[in-house]
Amino acid sequence: MALRLKQTYPRLSQSFYSGDDILFQSRCLLGMHLCTFIAGRFTSGAIVEAEAYQAPDDKACHAYGNRLTKRTEVMFRAGGVAYIYLCYGVHHMFNVVTGPAGKAQAILIRAVQPEEGLNHMLQRRKMSKVNSRLTSGPGVLGQALGMHTQYSGAELTAPQTKIWIEDRGFPVEESKIQSGPRVGVASAGHCATWNWRFWISDNPWVSRWRA
DNA sequence: CGAATGATCGGCT
DNA sequence: GCCGATCATTCGA
């Protein structure tokens, strides 16, 4: 059993999360390591695909028009908390809330390249061997990492947090970042054309909707 | 209180 | 490539 090297790498800071440039932050997240320590199981993966959502003008955002509900409330908090919601009754979708308090915006993590805790991910996904279906897509990624709506609002920078993001010092080159329209938001009018989806070009773990 | 909706996935063809 | 599951959330009556 290998030692769990928790805290070996620096976590993204509060100042990063509270920054107010969500497209820049979305690009920055590519290559960062999303980690969870849930039910005694450590799992991690490198972020390879992300999408930005920003109220009040973004029709695809749950907080469009600054709609404040019990579910969207966490998006209005200061950056650095998790926004996790249930989609189609089964998928727990993980987002990173960014920006100052009062401004609802979040980045959906759509795919990760699995790194640590592969056995736990396989078990949670009921799979026998690793392939791109393990973590390529927001729903399956959430399942593999043990995400659950009960953790919505979790503070990513808290000392004992179950969910956090590490900078392991391998930034993705600007030239390898591609962008395009977001997935599944065709009904969002002109917002559907915004290139607010970012991914690492030629990375096999990017979700199947790759452009 | 009832009904529509959805930032998706896996199985089947 | 297509199709249906599945349920919390939201909104309107």
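Each chain gets a letter, A, B and so on, in the order its sequence line appears, and its residues count up from 1.
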Aromatic ring pairing H91(A)/Y88(A), orientation class (parallel under 30°, perpendicular over 60°, tilted between): perpendicular

Aromatic plane relationship, W164(A) with F42(A) - under 30° parallel, 30 to 60° tilted, over 60° perpendicular: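 It falls in the parallel class, under 30°.
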
Nucleotide opposite dA7(B) in a Watson-Crick or G-U pair, distances under 3.5 Å: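 Because no pair has both required distances under 3.5 Å, dA7(B) counts as unpaired.
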
Any-strand Watson-Crick or G-U partner of dT6(C), both distances under 3.5 Å: none

Closest to the [X] side chain, choosing from [options]:
X: R67(A); options: dT8(B), dC11(C), dA8(C); value: dC11(C)
X: R71(A); options: dA7(B), dT8(B), dT10(C); value: dT10(C)
X: T69(A); options: dG11(B), dC11(C), dT8(B); value: dC11(C)
X: T72(A); options: dT10(C), dG6(B), dG10(B); value: dT10(C)

Rounded to whole angstrom units, what separation is found between the [atom1] atom of [X] and the [atom2] atom of [N]?
X: E73(A); N: dA8(C); atom1: CD; atom2: C1'; answer: 17 Å
X: L141(A); N: dG10(B); atom1: CG; atom2: P; answer: 12 Å
X: L68(A); N: dT10(C); atom1: CG; atom2: C1'; answer: 13 Å
X: R182(A); N: dT8(B); atom1: CZ; atom2: C1'; answer: 16 Å
X: Y88(A); N: dA5(C); atom1: OH; atom2: P; answer: 14 Å
X: I22(A); N: dA7(B); atom1: CD1; atom2: C1'; answer: 13 Å
X: H148(A); N: dC7(C); atom1: NE2; atom2: P; answer: 12 Å
X: M127(A); N: dG10(B); atom1: CE; atom2: C1'; answer: 11 Å

Cation-pi, Y53(A) ring and R182(A) (6.0 angstrom, 45 degrees):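 Yes, R182(A) lies over the aromatic ring of Y53(A).
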
Presence of donor-acceptor pair under 3.5 Å, side chain of H62(A) and base of dA7(B): yes

Polar side-chain contact Y85(A)-dA7(B) base: donor and acceptor under 3.5 Å: yes

Side-chain donor or acceptor of S201(A) paired with backbone N/O of K176(A) under 3.5 Å: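 At least one qualifying donor-acceptor pair exists.
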
Main-chain N/O of W205(A) paired to S136(A) side chain as donor or acceptor, under 3.5 Å: yes

Sugar-phosphate only, base, or nothing, as touched by L108(A) at under 4.0 Å among non-hydrogen atoms: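 Answer is base: heavy atoms of L108(A) come under 4.0 Å of a base.
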
Comparing H91(A) and T149(A) on DNA chain C - which has the more 5′ nearest nucleotide: H91(A)

V183(A) or R125(A), whichever maps to the more 5' nucleotide of DNA chain B: V183(A)

Stacked pair Y53(A)-dA7(B), distance under 5.5 Å, angle under 30°: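 Yes; centroid distance and tilt both under limits.
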
